[in-house]
Amino acid sequence: MSTVAVILAAGLGTRMKSRLPKVLHPILGDPSLLWVLRALPRDLGGAVVVVHHGKDQVEAALEAWRNAGLLPCPITTVDQGEPLGTGHALQTCIPELDRLKAGQVVVLCGDVPLTKAGTVLQLCAAEALLLAMDLVTPGTYGRVLQHPDGRLSGLVEAKDATPEQLAVQRVNGGAYSLPWPALRRALLGLTNDNAQREYYLTDAVVAVAREIPVLVEVCDPEELAGMNSRHDQAALQAAAQRRIERYWMAEGVTFLHPGSTLVGPRVQLSQDVILEPGVRLEGAVVVGEGTRIGQGSVVADSILGPGVEVRPYCVIEHARVGEGSKVGPFARLREGTDLAEKVHIGNFVETKKARLHAGAKANHLAYLGDTEVGEGTNIGAGVITCNYDGVNKHRTLIGRNVFVGSDTQLVAPLSIGDGALIGAGSTITKDVPADALALSRTAQTSREGYASKLRARQKKGTGLS
Ligand code: UD1
Ligand code: MG
């Protein structure tokens, strides 16, 4: 017998007005459903995601997260078919929960992203528990009714409630932990005899509460807030952001302009990191001690070592930046960029599948793609690796302590030996041996006195032949 989680995610999410299923809308870069799944304990017997609307997209996302190692436990999906209510959602899971030999079932909603892992753990450990919140304006939430000793006595949807019941401010957060045999029996007895003609899971929970005591835990409303509209999404993101900023500040991170900085839930920061205004860190990002990330920079799925300086307005994705390196301003490090220690990447430099060894520099206006640059090598302004012939990509291998003069095109495949010197303005199409000087440009001619002669002809409109 094991504890199995059921995540409800079949709803249409009409109010989001989107082609994207509601549960895939992101909060700080991670979809709501991923937040929910990541809060599950690792020792669960499994989790079942109930899908229907946008099923293909949700299943594709689950597959991608599984491949990326982001899921804490085995996850399967059940297609609810046309959703007929939360109780119907659980009814369609009966065969799957039986197959998983569920002893205890924990129900969560895929559109409630900010429930903390500790709260979910508490839910998993309970025998029979419902999470509730106290709201000044309880709105359309279901109302929680309790016995004098606190045990659950009833759950009433707002649309079915009497005026007295509507006045109750304790509302149902939609998260429960219940013994599967009792819940299973209750699900089989559900009817849709209510204002919405839905099969209510809440009716099943109340039926269980008639058999065994169901406790009510009142939580911080932020942990149970759902995402039903873009407004909710913005509010949830702001709450998540405050939570994450508070956490990292306590760990020694400076936010120069808290509130303008977006730091995702899978970002790992270190002591004395400084985040300037408008920085966005998304996905799996690791930032080492004392690293400063400049204003307006975006970093996704990347590792920045300690003592790195990212100057303003850089975009860094799927890259690694070694200790003490300097990047930007206005640099773009694309997938497969791997910078060793003390590398300098300056303004308007783009790198892709580029490995730069220690101390290499490309300080201005360059494109380095499918390339390896040796230790201490200097890449001049305007250097381009011509890595693509229209069909295939080719590599450029540049040795140590090479000097590549400005405005040089390196036509790959190409190899440049250690200590070589490439004259500015060259188009290099053949391998350059170590220590060689390579030049490929037409010899300059200067015709004295010719400039004024040319201008005189231009005025007459005859031009030069
Ligand atoms: C439900 C509760 C209500 C509680 C509220 C908390 C019921 C009857 N009511 O409200 O007491 O205050 O949650 O948020 O359970 N879903 C399905 N299949 C369905 C219907 C819904 O998967 O057939 C999913 C939705 O996608 C959503 C979640 O269940 O993720 C909650 O559904 P929603 O319609 O938002 O909640 P209510 O039923 O209105
Ligand atoms: Mg509903």
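Residue numbers start at 1 and run along the sequence shown. As the structure lists them, so they are numbered: ligands from 1, and atoms in each ligand from 1.
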With heavy atoms of [X] as the reference, note each atom of ligand 1 found under 4.0 Å away.
X: Pro83; value: 18 (N), 19 (C), 23 (O)
X: Tyr200; value: 8 (C)
X: Gly85; value: 19 (C), 20 (C), 23 (O)
X: Ala9; value: 22 (O)

Test your reading of the structure: does [X] have an N or O sitting under 3.5 Å from an N or O of ligand 1?
X: Leu8; value: yes
X: Gly142; value: yes
X: Gly174; value: no
X: Val50; value: no
X: Leu201; value: no
X: Glu157; value: yes

Does the residue [X] have a heavy-atom contact with ligand 1, meaning some pair of atoms that are separated by less than 4.0 Å?
X: Leu84; value: yes
X: Asp111; value: yes
X: His88; value: no
X: Cys109; value: yes

Kindly determine whether Met227 and Met16 satisfy side-chain contact (heavy atoms from CB on, under 4.5 Å), including the steps that lead there. CA-CA 9 Å; Met227 177 168 67; Met16 292 299 285; 4.2 Å; yes

Side chains of [X] and [Y], donor plus acceptor under 3.5 Å:
X: Ser302; Y: His318; value: no
X: Glu59; Y: Thr77; value: yes
X: Glu157; Y: Gln196; value: no
X: Ser177; Y: Gln104; value: yes
X: Ser325; Y: Glu341; value: no

Option nearest atom 6 (C) of ligand 1 (shortest heavy-atom distance, choices Asn172, Thr86, Val78): Asn172

Just go through Gln80, Lys22, Arg15 and tell me whose heavy atom is the nearest to atom 18 (N) of ligand 1. Gln80

Given Gln80, which partner from the list His88, Lys55, His52, His53 fulfils the side chain to side chain donor-acceptor pair (under 3.5 Å) test? His88

Relative to ligand 1, is His52 under 4.0 angstrom through side chain, backbone, both or neither, heavy atoms considered? neither

Pair Tyr200, Asn192 - check side-chain hydrogen bond (donor to acceptor under 3.5 Å, both in side chains), show working. CA-CA 7 Å; Tyr200 288 167; Asn192 65 350; over 6 Å; no

Passes side-chain contact (heavy atoms from CB on, under 4.5 Å), Arg266 versus Arg38? Steps please. CA-CA 10 Å; Arg266 290 183 286 127; Arg38 279 172 38 83; 3.2 Å; yes

Evaluate side-chain hydrogen bond (donor to acceptor under 3.5 Å, both in side chains) for Gln146 paired with Arg151, printing each intermediate quantity in order. CA-CA 5 Å; Gln146 289 167 278; Arg151 280 178 302 123; over 6 Å; no

Could you go step by step and tell me if Gln233 and Asn228 meet the side-chain contact (heavy atoms from CB on, under 4.5 Å) rule? CA-CA 8 Å; Gln233 184 186 17; Asn228 292 304; over 6 Å; no

